[in-house]
Number of protein chains: 2
Amino acid sequence: MKRVFVNMTRVPGTVGCVTDERLPDDGYVAYGVTVDLVILTIRADQLCVLLVRRGLAPFAGALALPGGFVRPDETLAQAARRELAEETGLLLPELPSRGSAWPGVHLEQLAAYGAIDRDPRARILTIAFLALAPDLPEPRGGTDAAAAEFVPVTALSGLGALAFDHAEILADGLERARAKLEYSALATAFCPAEFTVAELRRVYETVWGAPLDARNFHRKVTGTSGFLEPVGHSTARDGGRPAALYRRGAAELLHPAMRRPPAATP
Amino acid sequence: MKRVFVNMTRVPGTVGCVTDERLPDDGYVAYGVTVDLVILTIRADQLCVLLVRRGLAPFAGALALPGGFVRPDETLAQAARRELAEETGLLLPELPSRGSAWPGVHLEQLAAYGAIDRDPRARILTIAFLALAPDLPEPRGGTDAAAAEFVPVTALSGLGALAFDHAEILADGLERARAKLEYSALATAFCPAEFTVAELRRVYETVWGAPLDARNFHRKVTGTSGFLEPVGHSTARDGGRPAALYRRGAAELLHPAMRRPPAATP
DNA sequence: CAAATAGTGTCTATGAGACACTATGCA
DNA sequence: TGCATAGTGTCTCATAGACACTATTTG
């Protein structure tokens with residue numbers, strides 16, 4: 001499918017004219033730019049991703065990652081935050097431009113995707129972001145989402161392909177999340193402000209898809225300095241002996257790192 | 001500095017009109033997109049980055065990372081490969097779209113940078129790539145490089161600021177490289193096709209800026225399966241007992257990982 | 001021979017994983 | 001009392017780091 005790019009523009013003040021073959025060195029071609037979000041949460045012990053059902057062509061009726069065009073007055077991170085707020089109904093304070101985070105929600109850049117025909121309409125690049133959040137209220141149909149829903153990632157093979165190259169983006173987001181649980185305190189982003197060690201362990205087990213030894217896990221996380229901060233030993237119950245509650249500590253990176261078992265992640 | 005965006009375009013087939021305030025949901029604004037390269041190599045036991053002296057405004061006369069606009073018929077990775085070839089004079093075979101690599105040279109996506117005023121002329125996003133290469137021939141002034149030279153990264157504080165946000169991009173690239181030496185076989189990308197354990201160790205010491213114990217290093221790298229593959233025990237000399245030569249093995253990721261000493265990286 | 005670099009052996013501290021055991025709640 | 005979950009102690013194995021020691025070259 002060879003397309004003619006009619007949406008080339010020149011910017012006053014730059015040299016260069018636009019042809020289809022070879023651009024002058026300071027030539028300038030403009031592309032559409034979107035942000036797409038991999039928003040992960042844990043519901044009922046399942047790792048879920050927020051997907052929207054597309055209403056418009058292309059891929060009308062298919063599931064897709066939430067996202068939208070970057071506006072001229074916002075950075076990439078700001079666009080991602082706006083989309084996140086629109087899709088989840090969360091209101092977010094202003095954030096530093098890169099990385100985390102307000103209490104509990106984590107947002108970071110994942111990668112840029114620029115395959116030539118990833119959007120059949122025109123050349124559109126997307127910058128994907130990864131968001132991790134504790135269990136959220138039901139997503140409200142945002143302004144640009146026909147219908148948004150959290151879908152267990154294990155159910156995706158049976159749901160048909162995602163729109164555009166979103167399956168690849170989602171796979172990259174999942175792998176990033178799984179990898180970062182090893183060496184960062186990111187798992188706490190899936191937990192409410194106060195949580196027990198068992199809840200944190202279930203996060204690891206759910207994201208990695210592998211069981212962990214509860215005793216060793218407890219020793220490890222409580223022994224890693226800066227990971228957890230005990231909040232006055234209030235407790236909550238879950239059937240047995242009450243558990244101590246913790247808040248996330250100051251550490252971003254874990255020393256030593258948690259070790260992901262070699263098990264599969266189906 | 002408030003600018004008016006005159007370079008907004010509409011793409012036939014998409015709805016939406018362009019205003020400065022609020023875009024319809026499927027609205028579309030176009031931006032300039034470049035790739036910028038952090039090309040690292042090791043020369044004379046110093047970690048060096050390839051920089052070009054800008055000839056044109058803005059930042060005329062300043063040092064900058066090599067890069068250029070993405071053409072409409074190439075992916076981001078292809079644009080990065082083209083720029084790499086133009087700047088270094090290397091001829092490169094066609095590659096799979098993500099990650100590495102042809103013998104010895106590594107290229108991977110680093111991140112996207114989209115601060116609103118990162119280019120004073122217009123809204124331009126850049127996708128940064130990280131390249132690691134063995135000692136290259138003197139860079140030839142490429143088509144769009146006024147002059148290209150490898151600069152030791154330790155010398156950069158005394159050279160004045162880099163153009164645009166390239167100091168931030170370079171810092172991110174350096175940190176990525178330092179981190180990936182820990183858990184990947186990336187250090188071999190700084191070495192020629194055949195190398196000794198001592199040469200590999202000098203790569204680690206140079207990138208990390210910290211000395212390593214030669215004996216323990218030797219045991220570790222030769223004991224990590226898939227990292228090094230002994231090529232018929234030919235040798236080369238460097239003053240003392242001849243050393244065995246190795247080629248990089250099949251492993252991308254190291255098990256167990258190398259450990260970066262806590263030392264500073266000045 | 002000495003000097004220089006390559007490579008091995010050995011000891012110790014630390015952390016991971018296995019798992020017995022104790023602690024504290026509820027029905 | 002029985003059961004479920006929380007949390008600790010202890011053993012074993014693997015690996016990191018320190019460093020003594022051997023091996024193989026050149027001058």
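None of these values were measured; they are calculated from a predicted model.
Every salt bridge (charged side-chain N to carboxylate O under 4.0 Å, His left out) that A/E182 has, sequence neighbours left out, goes to A/R260. Annotation: side chain to side chain donor-acceptor pair (under 3.5 Å) contacts of B/R241 (sequence neighbours excluded): none. A/K180 meets the salt bridge (charged side-chain N to carboxylate O under 4.0 Å, His left out) test with A/E108; sequence neighbours excluded.
Within 4.0 Å (heavy atoms only), B/A214 reaches no atom of the nucleic acid at all.
Contact annotation: A/H218 reaches the phosphate of D/dT8 (side-chain N/O to OP1 or OP2, under 4.0 Å).
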Stepwise, does the ring pair (Phe, Tyr, Trp, His ring centres under 6.0 Å) test hold for A/Y204 with A/F217? CA-CA 10 Å; A/Y204 275 91; A/F217 183 88; 5.5 Å; yes

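Inspection of the A/Y113 and A/D172 side chains reveals an N or O donor paired with an N or O acceptor under 3.5 Å.
With rounding to the nearest 0.5 angstrom, the CD atom of B/E83 is 13.0 Å from the CD atom of B/Q78.
At whole-Å resolution of the value, CZ in B/F217 and C1' in D/dA18 are 17 Å apart.
Looking at A/T224, its side chain never comes within 3.5 Å of a backbone N or O of A/F227 through a donor-acceptor pair.
Looking at residues 195-205 of chain A, you'll see that no heavy atom sits under 4.0 Å from any atom of DNA chain C.
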With B for base contact, S for sugar-phosphate-only contact and - for none (protein heavy atoms under 4.0 Å), nucleotides 16-22 of chain C reads SBBBBB-

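Applying the ring-ring contact (aromatic ring centres under 6.0 Å, His included) definition to pairs two or more places apart or across chains, those involving residues 166-189 of chain B are B/F164-B/H166.
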